[in-house]
Amino acid sequence: MTRSTQHWLMKSEPDAFSIDDLKRKGQEAWDGVRNYQARNFMRDGMRVGDKIFFYHSNCEQPGIVGIAEVATDAYPDPSQFDPKSKYFDAASSRDNPRWMLVEVKFIKKLKRTISLRELQGDPALVEMPLVRKGNRLSVMPVASNEWRHILTLE
DNA sequence: GCCAACGTTGGC
DNA sequence: GCCAACGTTGGC
């Protein structure tokens, strides 16, 4: 089955892992997602080659800072099996892993941060889960018209 | 640091 | 299956 490329937005706290970290490393396993909806998007929705807005959350200027790409299919997040990891999940097993991740590849940094404030005030983006109050989802789809619109803001 | 919003857990 | 308690997210 084929389908057109989908687009996504993934949040990361820059203190933990920033766009500059991704640029330096080139590719990174997106571990630590412990929300079922976010997991389902990675496991069931993402395909290699899908484009991603890299978003900085919980920081001085929250917003979109770069573009990345899905680099692998989803596979079990190893941190769930590691008792020393803060993402350890005793209820998960290797036979029946609960949490999945994809690896994400750096494409580019935007010339500037497209701030959350700016996105919130944009009439073209009112449907985005990102700008809805109280939304805490860290992995979410972006409609292709929204994707194109946001690119024009850079 | 505060706190609203939301998801998860667990007693019943 | 309800729902109170609790923990987390993330903007401000």
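In what follows, every chain begins at residue 1, and chains take the letters A, B, ... in the order their sequences are listed. Keep in mind it's a predicted model, so treat the numbers as computed, not measured. Note that these values count all heavy atoms, side chains included, but never hydrogens, waters or copies made by symmetry.
Using modelled atom types and a 3.5 Å distance limit, the side chains of A:Ser57 and A:Arg136 yield no donor-acceptor pair.
The residue from A:Trp30, A:Phe41, A:Phe53 that alone fulfils the ring-ring contact (aromatic ring centres under 6.0 Å, His included) condition with A:Trp8 is A:Phe41. Of the residues listed (A:Asp31, A:Asp89, A:Asp77), the one engaging A:Trp99 in a side-chain hydrogen bond (donor to acceptor under 3.5 Å, both in side chains) is A:Asp89, and it is the only one.
Under 4.0 angstrom from either OP1 or OP2 of C:dG11 there lies at least one side-chain N or O belonging to A:Tyr55. Regarding contacts with the backbone of C:dG10, a side-chain N or O of A:Lys11 is found under 4.0 angstrom from either OP1 or OP2.
Straight-line distance from the CG atom of A:Asp89 to the P atom of C:dT8: 13 Å, rounded to whole Å. The nearest whole Å value for the distance from the OH atom in A:Tyr36 to the P atom in B:dT9 is 6 Å. Atom-to-atom, CG of A:Asn35 to C1' of B:dC6 comes out at 10 Å; the value is rounded to the nearest Å. When rounded to the nearest whole Å, the span between CD of A:Gln120 and P of C:dG10 equals 14 Å. Protein atom CG of A:Asn135 is 10 Å distant from nucleotide atom C1' of C:dT9, rounded to whole Å. A:Met10 has its CE atom 15 Å from the P atom of C:dT9, to the nearest Å. Spacing between atom CD of A:Gln37 and atom C1' of C:dT8 amounts to 16 Å, rounded to whole angstrom units. Rounded to an integer number of Å, the gap from A:Glu60 CD to C:dG11 C1' is 13 Å.
Electrostatic pairing of A:Asp50 and A:Arg47 does not count as a salt bridge here, judged by no charged N lying under 4.0 Å from a carboxylate O.
A donor-acceptor contact under 3.5 Å links the side chain of A:Arg136 to the base of C:dT8.
In this structure, A:Asn58 and A:Lys133 both approach DNA chain B, and ranking their closest nucleotides by distance from the 5' end singles out A:Asn58.
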